[in-house]
Amino acid sequence: MDRKEIAQILTEIGTMLELLGESPFKSRAYYNGARTIELLTEDIEELVRQDRLKEVRGIGKALDEKIKELVNTGRLEYYDRIREKVPPGLFDLLKVPGLGPKKVRTLYEKLGITTLGELEYSCIENRLIDLPGFGEKTQKKALEGIQYLKRNRGRYLYPEALDKARALVDGLRESGLASRVSIAGSLRRRTETVKDIDILASGDLPEAIMDEFSRLPWVDRVLERGSSKLGAVLDSGIRVDLRVVDDGQFPFALHHFTGSKEHNTAMRHRAKGMGFKINEYGIFGESGEGSVQCADEQEFFKYLGLQYIPPEIRENTGEIEAAEQGRLPRLVEYDDIKGIFHIHTRYSDGISSIEEMAKRAIEMGMFYIGISDHSRSAYYAGGLKEEDVLRQREEIERLNGLYEGFRIFAGIESDILTDGSLDYPDEVLASFDFVIASVHSAFTLDRETMTKRLVRALENPHVTMLGHPTGRLILAREGYPVDLERVIETAAGLGKVIELNANPYRLDLDWRWCRRAKEMGVRISINPDAHSSEGLGDIVYGVDAARKGWLEAGDVFNCIPLAEMERLLKRA
DNA sequence: GCCGTTTTCGGCCCGACTGTTTTCAGTCG
């Protein structure tokens, strides 16, 4: 049983305890424990074997025993027992906006409702109205919530939400009513999916700002509105929350509403330890009157004795401690990127020519690109036969003669076959400037076989980097099971590069693992996997993910300048 | 259930909004 499964079970227990009406602090302890386990970098089985679990903060006697049981037996009696008391459908009910554990519990106990369907029916029959703490509005809202869930998975890839959010921010700025406007929330932190858009504005006329906001063309309808907060739905179905504060409060509110929740909690703890209280309105001394003044977030962090923490890494995974010690990384930026690998052209399934790709890359300020069409076993994508490879090579050489200070590298995205071998003979592989090895078939191998497959591919001396290491498609498909720790270890030992595929559906390697790869000394290549010249632009999403993974320019393969890259890729 | 140079008991982050109440619980972020 791995970390993720254990964390999942602990989280589930936390939720069930809430549904059973247990102490909220008890369920929080389980949530904390789950998160702690999820973020462990040490091997959980090793920790259990050495009986060192209890040393981990957040794991006490009870959780220690339960995790041991899970690791040793793959089961947990307590979990099985408690699960009998909580119908599984109640978890679905919790997803209905407006319904929390208390209300769901009432629905179950008073009306015996255990599924979304039963809830919908009961709403139509007006049975919710007379329940304690319920009423007509609650019932109506629940019904709407069910419709919403039916219509919508409720999560969006962040680039989609980002475009909408930017339009809203611009619209509000143009009104001239707001002093400052910013995107906040998980969108500002660039998490791979978001469920809503958070926007923060400051100004003296909150009512006018909210009026203006609700009139913006993308806003479909306003769901709720108070004196400082407005919730609405966009025409695309995305929920958006607008919050308005006084301009002096803006930096504190921006920090507060950017989160993450875990980061905020840790920051409040820290502030408390220093004799302050922080909330969205300011930093207050123990006496409570009057906030400290801060012009912006920079000053906010400075006042609390911290370096400025970029939003992307505010996940309470050590950023506060690092900021305290002045050890925060200087996160990679778009301008650090010197070249772009993993580009498909018309030779396989791309729609742009090599020349168009080169032109666009030069406009983007790049110094080199690496062409890597699909290899011969990728029939579905028009993979290159050996004679195609030669033809493409000639074109690349011809084009390279045209540019000064810009280079096109000739590469290939070679399929990793089921046994871990690649689909060209060694002498063909050796003739490329670089080779990306990727899995495009047989996703259903078991974890051990898949791990060996990837390890063997990395061991091939001609392989430069491993492409999209887990094959996941966000919101669509789980990655295949694989022991990433071992794959990264192998890459580290052999000096191989691992791709961070910048396609917003992939973002693979996951940013959480990027940080691990960095620790182990593996360089990451931020690759757009472009199938058109516009696709090159996806690289910005890869940079976002890399930043979330604490990567610096020195950790990123394609931040290497052209001259050095030419030396690196020179084949013997 | 976790945690402790304030503590082994009594805390545990904080505030807005809604809807149901008639002073507040529940939900959400």
Side-chain angles (χ1 to χ4, degrees), chain A residues 10 13-14 16-36 53-67 78 82 93-107 128-142 144-145 184-189 191 194-200 206 210 222-231 239-245 249 252-253 255-273 275-284 288 316:
Chain A
L10 295 181
I13 292 176
M16 290 192 286
L17 291 174
E18 280 196 282
L19 289 169
L20 290 170
E22 291 265 0
S23 151
F25 299 110
K26 190 166 165 180
S27 45
R28 191 182 305 164
Y30 276 92
Y31 292 136
N32 285 341
R35 190 173 155 81
T36 305
L53 260 182
K54 262 184 298 200
E55 293 169 19
V56 180
R57 209 186 141 76
I59 308 292
K61 190 163 169 290
L63 281 177
D64 172 57
E65 282 171 8
K66 291 187 172 75
I67 295 165
Y78 175 70
I82 194 171
L93 300 188
L94 282 175
K95 290 182 198 143
V96 178
L99 296 187
K102 295 274 165 51
K103 287 213 159 70
V104 167
R105 188 167 173 229
T106 306
L107 287 170
L128 266 60
I129 294 178
D130 295 329
L131 293 177
F134 285 70
E136 208 164 323
K137 289 267 182 65
T138 317
Q139 174 172 285
K140 189 160 167 273
K141 235 180 132 187
E144 283 170 2
S186 54
L187 197 50
R188 185 164 180 244
R189 301 199 314 278
T191 58
V194 300
K195 76 171 169 41
D196 61 11
I197 294 171
D198 292 300
I199 292 184
L200 177 71
M210 286 192 280
V222 173
L223 297 176
E224 64 240 341
R225 177 171 170 169
S227 57
S228 68
K229 194 177 157 184
L230 178 151
R239 238 200 91 102
V240 53
D241 288 320
L242 170 71
R243 186 67 179 249
V244 188
V245 297
Q249 298 166 336
F252 310 104
H255 176 263
H256 179 89
F257 291 113
T258 297
S260 65
K261 213 187 308 174
E262 290 82 2
H263 168 89
N264 285 356
T265 304
M267 286 290 285
R268 287 194 209 105
H269 267 294
R270 178 185 167 77
K272 202 169 176 183
F276 302 123
K277 185 183 82 165
I278 56 176
N279 56 27
E280 59 260 59
Y281 303 119
I283 303 178
F284 303 90
N316 193 30

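Just so you know, these numbers come straight off a predicted model, no measurement behind them.
Taking atom P in both B/dT27 and B/dT21, one finds a spacing of 14 Å when rounded to whole Å. Rounded to whole Å, the P atom of B/dT23 lies 29 Å from the corresponding atom of B/dG29. B/dT20 and B/dG26 have their P atoms separated by 14 Å, given to the nearest Å. The same atom, C1', is picked in B/dC28 and in B/dT22; the two are 24 Å apart, to the nearest Å. A distance of about 14 Å separates the C1' atoms of B/dC2 and B/dT7, rounded to the whole Å. Distance check on atom C1': B/dT6 versus B/dC12 gives 16 Å, rounded to whole Å. Between B/dG10 and B/dG15, the distance separating the two C1' atoms is 24 Å to the nearest Å. Using atom C1' as the reference point in both B/dC14 and B/dC9, the two lie 24 Å apart (nearest Å).
Close to B/dC14, at under 4.0 Å from its OP1 or OP2, lies no side-chain N or O of A/Y281. OP1 or OP2 of B/dG1 sits under 4.0 Å from a side-chain N or O of A/K66. The side chain of A/K195 contributes an N or O atom lying less than 4.0 Å from OP1 or OP2 of B/dG29. Regarding contacts with the backbone of B/dC17, a side-chain N or O of A/S228 is found under 4.0 angstrom from either OP1 or OP2. Remark: A/R28 is not in phosphate contact with B/dC3, judged by side-chain N or O atoms under 4.0 Å from OP1 or OP2.
Separating the CG atom of A/N32 from the P atom of B/dC12 is a distance of 15 Å, rounded to the nearest angstrom. Remark: P of B/dG1 and CG of A/L10 are 12 Å apart, rounded to the nearest angstrom. Remark: C1' of B/dC12 and OH of A/Y31 are 16 Å apart, rounded to the nearest angstrom. If you take CG of A/L63 and P of B/dC2, they are 4 Å apart, rounded to a whole angstrom. Straight-line distance from the CZ atom of A/F257 to the C1' atom of B/dC17: 12 Å, rounded to whole Å. In this structure, A/F25 places its CZ atom 5 Å from C1' of B/dC12, rounding to the nearest Å. Atom CG of A/D64 is separated from atom P of B/dC3 by 11 Å (rounded to the nearest Å). In this structure, A/H256 places its NE2 atom 11 Å from C1' of B/dC28, rounding to the nearest Å.
A salt bridge links A/E224 to A/R239: one of the charged nitrogens lies within less than 4.0 Å of a carboxylate oxygen. Salt bridge status for A/K140 with A/E144: present, with a side-chain N to carboxylate O gap under 4.0 Å. A salt bridge between A/K102 and A/E18 is absent, with no side-chain N of the basic residue lying under 4.0 Å from a carboxylate O of the acidic one.
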- Message: side chain to side chain contact (heavy atoms under 4.5 Å, CB included), that's the test. Do A/L230 and A/R243 meet it? Break it down for me.
- Response: CA-CA 6 Å; A/L230 178 151; A/R243 186 67 179 249; over 6 Å; no

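Residue contacts shown for A/K261 are absent, as no nucleic acid heavy atom lies under 4.0 Å away. When heavy atoms are screened at a 4.0 angstrom cut-off, A/P101 is found touching the sugar-phosphate backbone but no base atom. Residue contacts shown for A/I59 are limited to sugar-phosphate atoms, with no base heavy atom under 4.0 Å away. Nucleic acid contact for A/V245: none, since no nucleic acid atom lies under 4.0 Å from a heavy atom of the residue.
Distances were taken from every side-chain heavy atom of A/K26 (C-beta onward) to each of B/dC17, B/dG1, B/dC3; the shortest belongs to B/dG1. Closest to the side chain of A/N279, out of B/dG29, B/dA16, B/dC14, is B/dC14. When distances run from any side-chain atom of A/K277 to the nucleotides B/dG29, B/dG1, B/dC14, the shortest one goes to B/dC14. Checked against B/dG29, B/dG15, B/dC2, the side chain of A/A62 finds its nearest nucleotide in B/dC2.
Under the Watson-Crick or G-U wobble criterion, with both distances below 3.5 Å, B/dT8 is left unpaired in every strand shown.
By the rule that a glycosidic angle within 90° of 0 means syn, B/dT21 does not qualify and counts as anti.
Listed here is the closest heavy atom pair of A/I59 and A/D64: CG2-N, 3.7 Å. Shown here for A/G14 and A/S27, the closest heavy-atom pair between the two residues is O-CB, 3.1 Å. Looking at every heavy atom in both residues, A/Y30 comes nearest to A/Y78 through OH-CE2, 3.5 Å. Residues A/D198 and A/S186 share a closest heavy-atom pair of OD2-N, 4.5 Å. Pairing each heavy atom of A/Q139 with each of A/L128, the nearest pair is OE1-N, 3.1 Å.
Taken from OH in A/Y31 to CG in A/L10, the straight-line distance is 11.5 Å, to the nearest 0.5 Å. Between the CE atom in A/M267 and the CZ atom in A/F276 there is a gap of 11.5 Å [rounded to 0.5 Å].
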For nucleotides 5-11 of chain B, list the nitrogen or oxygen atoms of the protein found under 3.5 Å from its nitrogen or oxygen atoms, one pair per line.
none

Report, one pair per line, the protein and nucleotides 18-21 of chain B atoms (nitrogen or oxygen only) whose separation is under 3.5 Å.
from   : atom 1 : to     : atom 2 : distance (Å)
B/dT18 : OP1    : A/R225 : N      : 3.0
B/dT18 : OP1    : A/R225 : O      : 3.4
B/dG19 : O3'    : A/T138 : OG1    : 3.2
B/dT20 : OP1    : A/G135 : N      : 2.7
B/dT20 : OP1    : A/G135 : O      : 3.1
B/dT20 : OP1    : A/E136 : N      : 3.0
B/dT20 : OP1    : A/K137 : N      : 3.3
B/dT20 : OP1    : A/T138 : N      : 3.4
B/dT20 : OP1    : A/T138 : OG1    : 3.0

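In this structure, the ring-ring contact (aromatic ring centres under 6.0 Å, His included) partners of A/H255, at least two apart in sequence or on a different chain, are A/H263, A/F300, A/F301.
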